[in-house]
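Structure record follows, encoded as structure tokens.
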Amino acid sequence: MATVAPGVTTGPYHAVLDHIHPEPTSFIRKYIFSIDAKVIGIQYMITGAIFFAISGFMAELIRTQLLSPNGLIVSSATYNSIYSMHGSSMVWFVVIPLLTGAFGNFVMPMQIGARDVAFPWLNLVAFWIFPVAGVILFSSFLVGAPDAGWTEYPPISLLGPPGTNLWCIAVFLIGISSTMTGINFLVTIFKMRAPGMTFTRMPLFVWAQFATAPLSFIATTALGAALAALFIERVFGVPFYDPKRGGSPVLWQHMFWFYSHPAVYIMIIPGFGIISEVLPTFARKPIFGYKMIAFSSVAIALLSFSVWAHHMFTSGMAPWLQLPFMIVTMVIAIPTGVKIFSWMATLWGGAINWKTPALYATGFLITFTYGGLTGFFLAAIPADYHEHGTYFVVAHFHYVLYGGSIMSLFAGLYYWWPKMTGRMYNEKLGQLQFWLTFIGFNATFTPMHWLGLMGMPRRVATYDPQFTFWNQFASISSYVMAAGALLFIYILIDSLRNGKKAGPNPWGARTLEWMVSSPAPYYNFKKIPAVLAAPYDFGNPLPYLGLEAAPGATEATPTHSSHPVPTHL
Amino acid sequence: MAQRVVKPKTNLGPGFWPVTAFIVLLSAVMVYFVYTSPMPIGLVQAGDPAPTVDELFRFLGAVAACIFNLVTIYTIYFGIVFARPKNAPPNTIGVQIHDAPVLEFWWTAIPTILVVILAIYSTKIWADLQNTQGDVLTVEAIGYQFGFQFRYPKLANPVVNELHLPLNTPTTIHITSRDVIHGFWIPELRMKADMVPGLITTIRVTPTRAGEYRIVCTEFCGVAHSKMYAKAVLESQQDFSKWFAKQGGASGGGGGSAGGTPLALGAGKADAGQTLFGQKCSACHSTGPYDQKQVGPGLGKLFSDPTHPKLVNGKDVTPQNVAALIHDGYQGDMGVMPSAQVNQISNSDIANLVAYLASLSKK
Amino acid sequence: MAVSVAPAHGIGHGDDDHGHDDIIYRETRDMRLMGFVLFLGADVVLFSSYIFAYIYLRNSIPAWPPPGADGHQLPRLDTAFAAFNSIVLFGSGVTMHWALEHWKHANRSRFNVFMFLTILLGVGFLGGQAYEYAHAAIGGWSGNTFGASFFTLTGMHGLHVAVGVGFLIALWIQTTRGVYTKERFFGLTAGTLYWHFVDVIWVGLFFLFYLW
């Protein structure tokens with residue numbers, strides 16, 4: 001093995017990577033049944049966005065219903081189905097596919113200097129399960145949609161409408177998709193990094209996908225088992241959960257939450273990765289504490305398997321068993337806090353280019369911290385005895401899921417939009433959209449903390465009149481959020497039609513995906529580069545060898561003495 | 001290519017210390033309010049363990065306020081102060097630091113210490129809850145779709161949707177469910193347990209503040225979950241004894257003839273029936289036409305709808321049969337309707353209800 | 001053979017032959033092996049979930065087996081027969097191992113013999129399970145938690161064995177078409193791993209349902 005430069009040994013990796021297959025020509029093979037991870041990533045994006053719009057619409061139905069203490073627009077039965085489907089769709093058909101399938105597929109292979117993922121055909125199958133499962137899920141509205149929340153606790157779920165069976169099938173199917181993607185990504189990251197890219201030279205978004213992938217295929221399979229058991233109990237009467245026949249409702253809770261707690265980390269760790277890419281790029285300085293951020297993602301992923309019963313403190317578990325779950329849940333706050341401080345330190349001393357991705361990433365720091373802190377309130381068992389099953393929980397998880405995951409998704413989409421489409425979006429509108437979203441979101445969900453503490457339970461179509469004012473306040477605020485969402489759609493369409501052409505690197509970023517044209521070519525890189533260092537040293541030249549000039553580059557051939565500069569300021 | 005690097009700062013940024021002072025001050029003020037507020041979570045403390053749990057809320061609130069202030073205010077401050085100047089050349093970069101081991105050590109160590117303190121404190125409060133006394137009075141609470149049934153020792157009949165507890169009496173409540181998982185929560189006492197069929201969960205409380213409070217169902221349990229509430233009446237020991245005696249003595253309060261014997265209806269009063277309907281029936285039945293279903297069908301046209309001549313148990317719709325159905329309750333393919341005994345409806349109550357329903361049908 | 005970072009043959013296949021080709025095969029095989037092992041890991045989680053459910057349900061009642069429909073405690077399963085059937089399955093694991101060994105030593109005919117035996121024993125195990133299902137008087141799949149856990153877990157295992165038999169037959173057919181060579185036989189490796197996985201799961205199930 002020859003040594004080309006300090007820290008780079010040539011190895012066999014590139015041999016596999018160096019095969020470029022000819023690009024498909026037919027429309028179907030290019031855009032419908034494509035094995036190109038970038039196309040698949042965009043397919044996930046579009047499908048996820050459609051489900052986001054549907055689930056968001058259901059959220060507005062929820063908030064409109066709750067304008068009145070007697071329930072304004074729908075019956076209790078309908079309302080129960082609406083929030084159950086809202087939750088199920090958001091978790092399994094929006095956040096997880098967007099963070100893993102969409103961004104993971106589009107960005108990660110380029111960031112490690114690969115041309116695709118390890119198993120492109122598996123990737124194709126994994127994607128196509130997604131819309132099929134989504135159709136199955138929503139077809140449940142035709143036969144009586146599931147109504148017992150996204151958690152579908154038996155015995156009530158054993159008695160639920162026929163659509164509950166379709167829910168079991170749909171979620172089981174998308175679990176298979178998630179499992180395939182997890183395996184695919186893990187093998188890709190282990191085996192297909194460019195020469196010289198050791199683990200500690202990987203971009204942090206790749207670290208995030210690396211930490212998330214085992215969760216995707218280990219935890220998801222456990223959910224599949226629980227769903228299959230619920231299904232066969234409902235359809236064939238096989239007793240797992242019905243206490244009248246020897247089963248145990250608490251068994252479902254254990255099996256469900258053993259998956260669903262890691263699932264919430266699947267829904268946030270890739271988001272952490274996005275923030276770790278956006279902040280250094282816009283602050284134009286290295287990410288602070290690279291190693292701690294990387295390792296803490298792995299630590300959080302590992303710890304996430306041991307906290308599931310903090311969802312079950314009131315369920316009748318033995319008290320002594322509750323304690324270790326409380327302790328580990330609290331411990332997870334430490335690696336998470338380290339990340340928040342590292343991100344803040346990344347902003348410190350920066351030359352911050354306040355574009356929309358940076359706004360979202362910074363907003364994330366505030367709202368995700370808020371959500372994390374209320375998580376602490378829930379972790380403390382005696383406090384949880386008061387908060388469980390109330391709007392306090394609803395507030396907490398919307399803060400981490402919207403204020404965390406969705407904000408990071410917005411950040412990522414604005415950030416990588418030029419790379420996906422070759423176009424810029426309207427920056428002024430983007431900033432307006434951020435503020436509508438940020439203000440609307442906080443105004444909607446902050447009141448829910450005290451609604452819960454004051455006595456309002458969750459999953460209710462009507463409520464005690466004493467809670468009217470704050471419910472109305474939240475609902476009106478949610479319309480501001482909705483306006484932000486509609487504006488977002490407009491911004492994207494406007495960009496596609498009128499957006500300025502983006503060069504290869506409008507943000508002056510340093511990870512490998514910005515070294516190629518926008519949109520990225522089919523084969524990603526003309527030649528697989530070698531990697532000399534982690535990407536974030538703005539003070540140093542680019543740490544890549546062997547990059548060929550990206551078509552459309554406005555500067556000289558990127559060589560190891562080049563420093564990318566943003567073209568959009 | 002020349003670069004313009006932002007001069008490495010030897011200080012932490014313009015105004016860093018005033019901002020820090022502001023964070024400390026604001027946090028101190030918030031902690032002060034958290035600790036001096038009589039109702040830290042805006043809800044009265046009606047008994048043990050509310051004061052203990054509220055102490056935990058205070059501590060959590062204080063720590064959370066400090067951390068939230070730190071993160072939010074510094075982030076906004078950094079965002080403003082370190083924005084790139086408008087006319088800076090495009091190749092401007094920030095301070096090129098990767099880490100600061102001492103700082104990172106402290107910002108790992110201090111949260112770790114905080115977490116340890118919080119964990120120990122929470123465990124202490126948890127242990128206090130485990131050691132709460134509950135040995136003077138024991139009550140059973142049984143959840144069902146969609147109400148709460150309470151069984152007292154030495155009381156033959158269960159009490160429905162109204163829990164009376166004497167003040168200053170350590171009480172144990174054993175909780176279960178007859179059908180699906182429900183929740184049992186008294187917010188003013190800060191205690192909650194799931195009502196799980198096949199299991200018994202237990203809470204221990206000692207009421208100290210008289211009043212009428214709500215018992216809230218906090219686990220989704222079916223279509224009328226949003227209407228599943230009961231009353232918790234915390235009263236002096238004398239008032240409790242009076243109430244208890246009335247329950248134990250009142251034989252007509254729920255018993256009644258065995259099924260099958262036609263009930264003597266007498267002249268029922270429609271307005272009394274209307275009040276009763278609102279209390280006992282409206283969770284599941286509307287006063288609209290049959291198809292305006294909640295859990296059960298609408299009863300507004302019960303006696304005047306030729307398209308529905310039969311009751312759910314197959315009998316004809318007659319006042320006698322309706323009375324018998326209310327008395328016996330129903331359990332079958334169409335669902336569950338609690339019996340009069342469970343609903344604590346006397347025979348005269350049934351008569352009033354039937355009269356009310358008849359008056360509806362005449363409209 | 002040292003290969004430069006920016007190889008002369010950028011796009012498409014190079015003209016340096018074997019060394020390059022071998023490297024590509026090795027890397028591809030490594031990726032597929034890792035992917036397959038991770039898949040088996042996910043499968044282990046699937047079985048573990050139901051094993052957890054079984055242990056949980058079993059511990060939630062004072063006596064096991066639980067009572068049947070008539071109120072009397074259900075009988076235990078027939079350990080002797082299951083032990084015999086287990087030997088059949090484990091035997092097929094041994095023959096599969098030898099089949100792969102013979103393949104690696106280019107012993108085609110012996111490979112064929114052991115492959116055949118493996119498939120035969122696998123089918124035999126399935127037949128034994130069918131017999132066991134017909135004779136286990138524990139109230140059926142939906143009668144009680146004993147049947148629920150036993151038939152679900154062993155049924156899932158049986159499905160995996162059936163799929164495995166199909167997998168092995170397909171692999172065998174591939175060998176007749178010359179897809180695998182003495183050096184390149186990843187499919188056979190995967191098949192062997194899968195077959196051993198099915199064996200290991202059965203060890204667990206046999207212990208949990210027949211010995212405990």
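Chain identifiers are assigned alphabetically (A, B, ...) following the order of the sequence lines, protein sequences preceding nucleic acid strands; residue numbering begins at 1 within each chain. Values below: all heavy atoms of this structure, side chains included; hydrogens, waters and symmetry mates excluded.
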Counting heavy-atom pairs under 4.5 angstrom with chain A, the leader among V63(B), V53(B), V71(B), I181(B) is V71(B)

Report yes if the distance between the aromatic ring centroids of H449(A) and F377(A) is under 6.0 Å, otherwise no.
no

Part of Y153(A) lying under 4.5 Å from any heavy atom of chain B:
side chain

Give a yes or no answer on whether the side chain of K192(B) reaches the backbone of H388(A) with a donor-acceptor pair at less than 3.5 Å.
yes

On the 0 to 90° scale, with breaks at 30° and 60°, tag the Y77(B)-F82(B) ring pair as parallel, tilted or perpendicular.
perpendicular

Determine the option with the most heavy-atom pairs under 4.5 angstrom with chain B, choosing from Y290(A), Y83(A), Y463(A).
Y83(A)

Applied to residues 365-383 of chain A, the side chain to side chain donor-acceptor pair (under 3.5 Å) test, sequence neighbours excluded, yields T374(A)-H396(A)

Between G222(B), G183(B), P111(B), which shows the greatest number of heavy-atom pairs under 4.5 Å with chain A?
G222(B)

Sequence neighbours left out, what passes ring-ring contact (aromatic ring centres under 6.0 Å, His included) with F368(A)? Give chain and number order.
F272(A), F364(A)

One option among V250(A), I287(A), L347(A), L373(A) has the most heavy-atom pairs under 4.5 Å with chain B, and it is L373(A)

Contact part of L129(B) toward chain A, heavy-atom cut-off under 4.5 Å: side chain, backbone, both or neither?
side chain

Any Q145(B) side-chain heavy atom under 4.5 Å of I156(A) side chain
yes

Does R510(A) make a cation-pi contact with F538(A), if we ask for NZ or CZ under 6.0 Å from the ring centre and within 45° of the axis?
yes

Would the distance check show the side chain of E219(B) and the main-chain N or O of C217(B) forming a donor-acceptor pair, the cut-off being under 3.5 Å?
no

Between chain B and each of K285(A), M312(A), H386(A), count heavy-atom pairs under 4.5 Å; write down the option with the most.
H386(A)

Between W450(A) and chain B, with a heavy-atom cut-off of 4.5 Å, which part of the residue counts as in contact: side chain, backbone, both or neither?
neither

Cut-off 4.5 Å, heavy atoms of chain B, and the answer for M317(A) is neither

Highest number of heavy-atom pairs under 4.5 Å with chain A among F184(B), W107(B), F78(B), Y121(B) belongs to W107(B)

Examine whether an atom of L56(B) lies under 4.5 Å from a heavy atom of chain A, and if so say whether it belongs to the side chain, the backbone or both; otherwise answer neither.
side chain

Identify the two heavy atoms, one from Q253(A) and one from S315(A), that lie closest to each other, and give their separation to 0.1 Å.
OE1-CB, 3.4 Å

Heavy-atom pair count under 4.5 Å with chain B, highest-scoring of I381(A), L158(A), T151(A), D464(A):
D464(A)

Could you check whether any side-chain N or O of S157(A) sits under 3.5 Å from a backbone N or O of G160(A), counting only pairs where one atom can act as donor and the other as acceptor?
no

Quick one: does E387(A)'s side chain get under 4.5 Å of F57(B)'s, heavy atoms only?
yes

Heaviest contributor of heavy-atom pairs below 4.5 Å to chain A, chosen from L70(B), D54(B), T123(B), L199(B), is T123(B)

Within a strict 4.5 Å, meaning less than it, do heavy atoms of the I41(B) and R190(B) side chains meet?
yes

Min side-chain heavy-atom separation Y385(A)-I203(B) under 4.5 Å:
no

Name the region of K291(A), side chain, backbone, both or neither, that has any atom closer than 4.5 Å to a heavy atom of chain B.
neither

Under 4.5 Å heavy-atom distance to chain B, tell me which part of P335(A) shows up: side chain, backbone, both or neither.
neither

Using a cut-off of under 4.5 Å on heavy-atom pairs, state which of L114(B), T201(B), L43(B), V196(B) scores highest against chain A.
L43(B)

Residue part contacting chain B, namely of A77(A), when any heavy atom lies under 4.5 Å
both

Side chain, backbone, both or neither: which part of S248(A) has an atom under 4.5 Å from a heavy atom of chain B?
neither

Greatest number of heavy atom pairs closer than 4.5 Å to chain A - which of P101(B), G42(B), S177(B), P197(B):
P197(B)

Interatomic distance, D147(A) atom CG to S76(A) atom OG [nearest 0.5 angstrom]
11.0 Å

Between the main-chain N or O of R458(A) and the side-chain N or O of H225(B), is there a donor-acceptor pair closer than 3.5 Å?
yes

Tell me, side chain or backbone of M454(A) under 4.5 Å from chain B's heavy atoms, or both, or neither?
both

Taking side chain as everything from C-beta outward and backbone as N, CA, C, O, which of these in S75(A) sits under 4.5 Å from a heavy atom of chain B? Side chain, backbone, both or neither.
neither

Looking only at heavy atoms and a cut-off of under 4.5 Å, which of D537(A), D242(A), I327(A), L159(A) has the most pairs with chain B?
D537(A)

Measure I366(A) against the heavy atoms of chain B and call it side chain, backbone, both or neither at under 4.5 Å.
both

Top contributor to chain B interface from G337(A), P566(A), P319(A) [non-hydrogen pairs under 4.5 Å]:
P319(A)

Chain A heavy atoms under 4.5 Å from Y229(B): which part of the residue, side chain, backbone, both or neither?
side chain

Which answer fits A50(B), side chain, backbone, both or neither, if we ask what part of it has an atom under 4.5 Å from a heavy atom of chain A?
neither

